[in-house]
Q: 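One structure is given below, represented as structure tokens, and several questions about it will come after.
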There are 2 protein chains.
Amino acid sequence: MKLSTRARYGTRALLDLALHYKSGPVLLKDVARRQRISLSYLQHLIAPMVAEGIVGSIRGVRGGVWLAKPPEEINLGYIIGLLEGSLAPAECVDNPETCSRSGACATQDVWGEIKEAIDTVLESMTLQDLVERQKNKSHEEITYQI
Amino acid sequence: MKLSTRARYGTRALLDLALHYKSGPVLLKDVARRQRISLSYLQHLIAPMVAEGIVGSIRGVRGGVWLAKPPEEINLGYIIGLLEGSLAPAECVDNPETCSRSGACATQDVWGEIKEAIDTVLESMTLQDLVERQKNKSHEEITYQI
DNA sequence: GATTAATTGACTAATAAAGTCATGTATTAT
DNA sequence: ATAATACATGACTTTATTAGTCAATTAATC
């Protein structure tokens, strides 16, 4: 039950943008390099975010992309929702009608509880929280090197 | 991020066996029919459980399979572990060394928290809990039909 | 108008999951 | 014994999804 690379790469890309929040446009190429994601793939991941308006973009020289909302207002549940859709571990959780056993199947309840648990974690965390964690980690790295 | 059918079918099959706990061998064919799983597929799902010893089996006429441990002693985390392995949403959670960014990546923490949340749900529930839920549901169904 | 950089669409490759089929082995009943 | 039954195992096929690439387009700046 793995998260898709869309969700993982996309989240990393947004974190990268959050770390450069309010520093003007950032080249997608640079995000790709820093996050070790191929540029062509990243372009496809970022598109829905631009469409959604949480990422701003401008083309051409001195163009680039940037986070269009404050990182503390973007929670991870929303991001993952955009990138991957629902994290229900079984189809029947979101669409009970797709399974004839629905309503008479105890396992469905469990899958529902799992979804809830995942969503709780993701909704309780914002990009800003990630930024702070990330800064702590980078700092530790530097400290340890000395 | 869907659970595999292995995990879902396997859990349903074990719940079926739990509902017939201490009633002697049950035909795999009957489990397959009740749970709407193809017999040949179910045979492959049940094999690791037999190997693990939580399902007993005997071949031949009057043979069958049965739950070899009390349902209240089997928690779902263990079952899913057998059927599908770890529910870590990213490889780096279980094997940090597979990602060069490990230790310097804040997203890894989030995936780790998700895994914990899932495991907490699964480990807090036993097959016996499922049996009770299932019996309530079946009862409701009958009641509503009247 | 040349250059840069995001946008979009079509396409391919890789991987894993799902499922089937055939064969083998153990057990029981007659 | 042997026929019937039912689990066990391995090889294989199919299907679906994800991941990723490539090429062409559009918009902005110098």
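Keep in mind that this is a model prediction, so the values were computed, not measured. Chain letters run A, B, ... following the sequence lines, proteins first and then strands; every chain starts at 1.
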Q: Could you tell me how far apart B:L45 (CG) and C:dA17 (C1') are, to the nearest whole angstrom?
A: 12 Å
Q: Distance check needed: D:dA19 C1' versus A:R8 CZ, whole Å only.
A: 11 Å
Q: If you only use heavy atoms from C-beta on, which nucleotide in C:dA29, D:dG20, C:dT20 is closest to the side chain of A:Y41?
A: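 When the side chain of A:Y41 is considered, D:dG20 is the closest of C:dA29, D:dG20, C:dT20.
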Q: Measure from CE on B:M1 to P on C:dA16 and round the result to the nearest Å.
A: 18 Å
Q: Just to confirm, is there a sub-4.0 Å distance from OP1 or OP2 of D:dT18 to any side-chain nitrogen or oxygen of A:S4?
A: no
Q: More than 12 heavy atoms of other residues, nucleotides or ligands under 6.0 Å from CZ of B:R62: is that the case?
A: no
Q: Round to a whole Å and report the spacing from CD1 of A:I37 to P of D:dA19.
A: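 Between P of D:dA19 and CD1 of A:I37: 12 Å.
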Q: Please pick, from C:dT7, D:dT29, C:dG9, the nucleotide with the shortest atom-to-atom distance to any side-chain atom of A:V50.
A: C:dT7
Q: Just one of A:E116, A:E113, A:K115 clears the side-chain contact (heavy atoms from CB on, under 4.5 Å) bar with A:V93, so which one?
A: A:K115
Q: To the nearest angstrom, how far is B:E91 atom CD from C:dT15 atom C1'?
A: 14 Å
Q: Any heavy-atom pair between the side chains of B:L87 and B:L3 that's under 4.5 Å?
A: yes
Q: Ignoring the backbone of B:R59, work out which of D:dG10, C:dA26, D:dT29 is nearest its side chain.
A: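 The nucleotide sitting nearest to the side chain is C:dA26.
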Q: Quick check: do A:I46 and A:V31 have side-chain heavy atoms less than 4.5 Å from each other?
A: no
Q: Looking at C:dG19, C:dT7, C:dT20, which one has an atom nearest to any side-chain atom of A:Q43?
A: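 Among the listed nucleotides, the one closest to the side chain of A:Q43 is C:dT7.
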Q: B:E132 and side chain to side chain donor-acceptor pair (under 3.5 Å): which single residue from B:K135, B:Q128, B:Q134 fits?
A: B:Q128
Q: Send over the distance from A:R36 CZ to D:dG20 P, rounded to a whole Å.
A: 15 Å
Q: In whole Å, I'd like the distance from the CZ atom of A:R33 to the P atom of C:dA5.
A: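 Taking atom P of C:dA5 as the reference, CZ of A:R33 is at 12 Å.
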Q: Just N and O in the side chain of A:S38: are any of them under 4.0 Å from OP1 or OP2 of D:dT21?
A: yes
Q: Using whole Å, what does the distance between atom C1' of nucleotide C:dT20 and atom NE2 of B:H44 come to?
A: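 After rounding, the gap between these two atoms is 8 Å.
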Q: Return the 5'-most residue of the pair A:Y9, A:V61 with respect to DNA chain D, ranking by each residue's nearest nucleotide.
A: A:Y9
Q: If you assign each of A:G60 and B:G63 to its closest nucleotide in DNA chain C, which residue comes earlier from the 5' end?
A: A:G60
Q: Which nucleotide in the set D:dA8, D:dA19, D:dT29 lies at the smallest distance from any side-chain heavy atom of A:R62?
A: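 Taking heavy atoms from C-beta onward, the closest nucleotide is D:dT29.
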Q: What's the closest nucleotide to the side chain of A:I46 if the choices are D:dA8, C:dT20, C:dT7?
A: C:dT7
Q: Want to settle it: does A:I58 or A:L39 sit nearer the 5' end of DNA chain D, counting the closest nucleotide to each?
A: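 Its nearest nucleotide being more 5', the pick is A:L39.
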